[in-house]
Amino acid sequence: MGRPSKDKYYLNLAREVARRGTCIRRNFGAVIVNHDQIVSTGYSGAPRGTVNCVDIGYCPREEAKIPRGERYELCRSVHAEMNAAIHAARRDMVGATLYLAGLSADDSRPVTGTRPCKLCRRVIINAGIDRVVVAEGDRIVSYAVSDWVEEEEADTSIDDMVWEPLHPPT
């Protein structure tokens with residue numbers, strides 16, 4: 001069996017954290033590590049004091065047949081990455097690594113294709129985290145957050161949008 005690498009060790013911890021998630025679709029766990037010390041953990045779940053999807057018995061995004069990766073603003077959960085960043089001081093996250101693992105809510109199998117959503121990537125950038133590590137089957141994949149900064153700079157799609165006022169002038 002052997003001793004797991006540091007990345008594998010922290011990904012295993014992120015999987016355990018994910019088991020606390022309250023999403024009906026997928027549960028994610030995040031572990032932020034800096035200088036080989038755990039700074040913070042977070043899992044997907046509704047904001048404190050509000051009702052979780054597992055408690056109401058349905059997922060509003062699933063009811064609306066919203067595909068994976070779209071319309072996260074309609075999700076009741078705060079994502080694992082956000083929760084981990086919220087519970088840590090920025091000074092402890094600068095230069096850190098975030099380990100992210102997902103589990104299917106129905107059978108607890110690992111989620112493949114794990115990557116933070118666009119909003120979580122922005123939180124990760126602002127937190128000062130350098131690297132995000134996920135598992136793809138038996139392979140460990142590491143993302144450089146600096147690449148996401150470049151993607152943000154290159155993304156001008158919002159500039160091409162036509163904005164309509166919410167309330168037309170009277």
Side-chain angles (χ1 to χ4, degrees), residues 4-23 25-47 59 61 66-105 109-163:
S5 69
K6 294 275 177 127
D7 284 344
K8 186 75 168 165
Y9 170 70
Y10 290 123
L11 281 169
N12 286 338
L13 290 175
R15 261 189 221 100
E16 283 303 309
V17 172
R19 293 184 194 288
R20 288 279 306 148
T22 60
C23 179
R25 285 178 156 187
R26 288 167 212 85
N27 288 300
F28 287 87
V31 176
I32 299 173
V33 177
N34 206 353
H35 304 293
D36 210 20
Q37 293 289 312
I38 295 172
V39 172
S40 183
T41 65
Y43 56 86
S44 50
C59 169
R61 289 181 67 239
I66 297 170
R68 178 181 175 196
E70 296 178 17
R71 304 291 317 266
Y72 282 121
E73 73 276 10
L74 301 176
C75 181
R76 293 186 62 79
S77 287
V78 176
H79 291 184
E81 307 95 296
M82 289 182 189
N83 271 324
I86 287 166
H87 298 296
R90 186 175 189 279
R91 71 177 172 273
D92 295 332
M93 292 186 287
V94 173
T97 299
L98 185 144
Y99 293 87
L100 182 64
L103 299 172
S104 174
R109 290 186 343 172
V111 173
T112 58
T114 300
R115 185 171 173 172
C117 73
K118 190 168 187 108
L119 293 174
C120 287
R121 284 186 294 207
R122 290 175 177 166
V123 169
I124 290 165
I125 290 167
N126 270 8
I129 293 168
D130 280 351
R131 187 169 79 109
V132 174
V133 176
V134 300
E136 282 299 322
D138 292 334
R139 215 168 44 95
I140 294 175
V141 178
S142 178
Y143 296 104
V145 174
S146 60
D147 291 343
W148 297 344
V149 173
E150 291 175 22
E151 286 176 26
E152 285 289 325
E153 282 295 310
D155 185 6
T156 58
S157 59
I158 197 163
D159 295 332
D160 299 330
M161 296 176 84
V162 176
W163 294 91

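Only a predicted model underlies this, so the values are computations on that prediction, with no experimental measurement involved.
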(message) Tell me whether Arg19 contacts the main-chain N or O of Gly29 through its side chain, where contact means a donor paired with an acceptor under 3.5 Å.
(response) no
(message) Let's go through Leu98 and Val145 carefully: what are the C-alpha distance in whole Å and the side-chain angles of both, what is the deciding distance for side chain to side chain contact (heavy atoms under 4.5 Å, CB included) to 0.1 Å, and is it a yes or a no?
(response) CA-CA 10 Å; Leu98 185 144; Val145 174; over 6 Å; no
(message) Test your reading of the model: is there a side-chain donor-acceptor pair from Asn27 to the backbone of Thr22, 3.5 Å cut-off?
(response) yes
(message) Between Asp36 and Tyr10, is the side chain to side chain contact (heavy atoms under 4.5 Å, CB included) condition met? List the steps.
(response) CA-CA 10 Å; Asp36 210 20; Tyr10 290 123; 2.6 Å; yes
(message) Could you tell me if the side chain of Val33 sits less than 4.5 Å from the side chain of Leu13, heavy atoms only?
(response) no
(message) Using modelled atom types and a 3.5 Å cut-off, is there a donor and acceptor pairing between side-chain atoms of Asn34 and backbone atoms of Val94?
(response) yes
(request) Provide the closest heavy-atom pair for Gly113 versus Glu136 in the form atom of the first, atom of the second, distance. (result) N-OE2, 2.8 Å
(request) Using modelled atom types only, decide if a donor and an acceptor are shared between the side chain of Ser44 and the backbone of Phe28 within a distance under 3.5 Å. (result) yes
(request) Specify the closest pair of heavy atoms between Leu119 and Met82, including all atoms of both residues, with the distance to one decimal. (result) CB-CE, 3.8 Å
(request) Check step by step if side chain to side chain donor-acceptor pair (under 3.5 Å) holds for Tyr99 and Asp7. (result) CA-CA 8 Å; Tyr99 293 87; Asp7 284 344; 2.7 Å; yes
(request) Decide yes or no for Glu81 and Arg121: does some side-chain heavy atom of the first lie under 4.5 Å from some side-chain heavy atom of the second? (result) no
(message) I'd like to know if the side chain of Arg15 reaches the main chain of Leu100, judged simply by a donor and an acceptor atom lying under 3.5 Å from each other, with no hydrogens or angles considered.
(response) no
